**Student:** 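First the structure, which I've put down as structure tokens, then a few questions once you've had a look.
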Protein chains: 2
Amino acid sequence: MTQSSQDNCSSEQDSHKTHAKHNHDRCIATALNDAVLLCEQRGARLTQLRQRVLELVWQTHKPVGAYELLPLLAKEGFNSAPPTVYRALDFLLELGLVHRISSINAFIGCNQPKHEHPNGFFICRQCGNASELPALQLRELAKQLEASLGITIEGETHELTGLCASCSSKAQK
Amino acid sequence: MTQSSQDNCSSEQDSHKTHAKHNHDRCIATALNDAVLLCEQRGARLTQLRQRVLELVWQTHKPVGAYELLPLLAKEGFNSAPPTVYRALDFLLELGLVHRISSINAFIGCNQPKHEHPNGFFICRQCGNASELPALQLRELAKQLEASLGITIEGETHELTGLCASCSSKAQK
DNA sequence: TCACCTTAGGTTATAATGTTGCAATTCTAC
DNA sequence: GTAGAATTGCAACATTATAACCTAAGGTGA
Ligand SMILES: [Zn+2]
Ligand SMILES: [Zn+2]
Ligand SMILES: [Zn+2]
Ligand SMILES: [Zn+2]
């Protein structure tokens, strides 16, 4: 039952413009697997609620608002008010399993939770998908800035918008 | 009367850690001057309210929340509810006279409104001051990302936190 | 097993941030 | 001056996030 709605991925795929066509079930499965491992490693408890929130966030590659999750959780029997979902999201954020995109007050699953990396996203204004920016280039920038400005960077978030590759090419037709 | 509270800059200066000591009245005056010129250029009206909001934002180099401005405006006779300040801020944002830092829901004056540039800030967790990141490096990053990812970047915001140069050196003592 | 403690989640209320819609006023252009 | 546009006042409302308090579940060691 908790699996049933994952099949909507096929209809979702039309909008997976930043990642072209892909097997999204695999995205979800990988994310879940990573989460289980990470929680074991850290001695954190991936409860039903937390796992389900993670799955829901991973239903698409579009950032999702906290309040969008509430009715979905309610449908599945979780008696959930805002604190419920925010606590679950905080837990997932803490472990790096999801990221927050503050310019749009939304959350998205992380695809490299095993390795810490700068928080950086590109969000397509056309299809709405968000994809993580390559950590290498962000780290390079940070290093440069630390050197030239004498600052010590502890946290960073980069949020770019525009047209993704797929939407760009379609726009040119 | 609208000038009286600018004198608190001297007490403010202690916390100008990212900019060392400087004559902050000059910061404000320059910002005001830029604003007047820019508005003339664009045929936009820098009304009393808008100008005053800009001045208030410029009182410090710390980002300021919209709701912090409300009581200040009220004290000066502006009968201001949230829409008033948000509209003024929207106007200033539109012209590039202020920036919004979405990770902390706050606004800050722009120091290069004459030239469009990527939205990028470093915010010191110690002193709270925010300073703009060098446009050159941000543009370089954007160019790289566009080339390697095939995306078209239309907007960007970079928000870094950590210790500024001044606070870093003090921490080492 | 049991008492004990810690963590997670339920519940209610409230805070903080941001918008919509419309009326009244002010400004601008003709 | 007058019509039309832009700006502001004002009231209500929408969205996002948190506080406070309590109950339930799970883990630990006697
Ligand atoms: Zn996918
Ligand atoms: Zn990530
Ligand atoms: Zn200054
Ligand atoms: Zn700027």
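Here the structure is a predicted model, which is why all the values come from computation and not from measurement. Letters A, B, ... mirror the listed sequences (proteins, then strands); counts begin at 1.
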**Student:** Which distance, rounded to the nearest 0.5 Å, do you find between the CD of B/Gln48 and the CD of B/Glu76?
**Tutor:** 9.5 Å
**Student:** Which is more 5' along DNA chain C, the nucleotide nearest A/Pro82 or the one nearest A/Ala88? Just name the residue.
**Tutor:** A/Ala88
**Student:** Could you say whether the aromatic ring of B/Tyr67 and the base of C/dT17 stack, counting only centre distances under 5.5 Å and plane angles under 30°?
**Tutor:** yes
**Student:** Taking the minimum atom-to-atom distance to the side chain of B/Tyr86, which one of C/dA8, D/dT16, C/dT17 wins?
**Tutor:** C/dT17
**Student:** Check the distance between C/dC27's C1' and B/Leu46's CG and give it to me in whole angstrom.
**Tutor:** 15 Å
**Student:** Please determine whether a side-chain nitrogen or oxygen atom of A/Thr47 lies at a distance below 4.0 Å from atom OP1 or OP2 of C/dG9.
**Tutor:** yes
**Student:** Whole angstroms only, please: what is the CD1-P distance between B/Ile101 and C/dT17?
**Tutor:** 14 Å
**Student:** How close or far is atom P of D/dT18 from atom CZ of A/Arg100, stated in whole angstroms?
**Tutor:** 8 Å
**Student:** What is the separation between atom CG on A/Leu69 and atom P on D/dT16, rounded to the nearest whole Å?
**Tutor:** 11 Å
**Student:** Which one of B/His158, B/Glu154, B/Glu146 satisfies the side chain to side chain contact (heavy atoms under 4.5 Å, CB included) criterion with A/Leu160?
**Tutor:** B/His158
**Student:** Calculate the interatomic distance between B/Leu49 atom CG and C/dT26 atom C1'; express it in whole Å.
**Tutor:** 13 Å
**Student:** Can you identify which nucleotide, out of C/dG9, C/dT12, D/dT7, has its nearest atom closest to the A/Pro83 side chain?
**Tutor:** C/dT12
**Student:** In whole Å, what is the span from the CZ atom of A/Phe91 to the P atom of C/dT6?
**Tutor:** 19 Å
**Student:** Determine the contact category for A/Ala81: base if any of its heavy atoms lies under 4.0 Å from a base atom, sugar-phosphate if only primed atoms, P, OP1 or OP2 are that close, otherwise nothing.
**Tutor:** base
**Student:** Checking contacts here: which listed nucleotide (C/dG9, C/dT17, D/dG9) is nearest the side-chain heavy atoms of B/Thr84?
**Tutor:** D/dG9
**Student:** Determine whether the side chains of A/Glu159 and A/Thr157 contain a donor N or O and an acceptor N or O closer than 3.5 Å.
**Tutor:** yes
**Student:** Within the 4.0 Å heavy-atom criterion, would you say B/Arg45 contacts the bases, only the backbone, or no part of the nucleic acid?
**Tutor:** sugar-phosphate
**Student:** Indicate, with a heavy-atom threshold strictly under 4.0 Å, whether A/Arg87 touches base, sugar-phosphate, or nothing.
**Tutor:** base
**Student:** Once you measure the plane-to-plane angle for A/His24 and A/Trp58, does it fall in the parallel (<30°), tilted (30-60°) or perpendicular (>60°) bin?
**Tutor:** tilted
**Student:** Between the side chains of B/Arg52 and B/Glu55, is the shortest nitrogen-to-carboxylate-oxygen separation below 4.0 Å, so that they form an ion pair?
**Tutor:** yes
**Student:** Within this structure, what is the CG-to-P distance between B/Asn105 and C/dT19, rounded to whole angstrom?
**Tutor:** 10 Å
**Student:** Can you check the B/Leu70 CG to D/dT8 C1' distance for me, whole Å?
**Tutor:** 14 Å
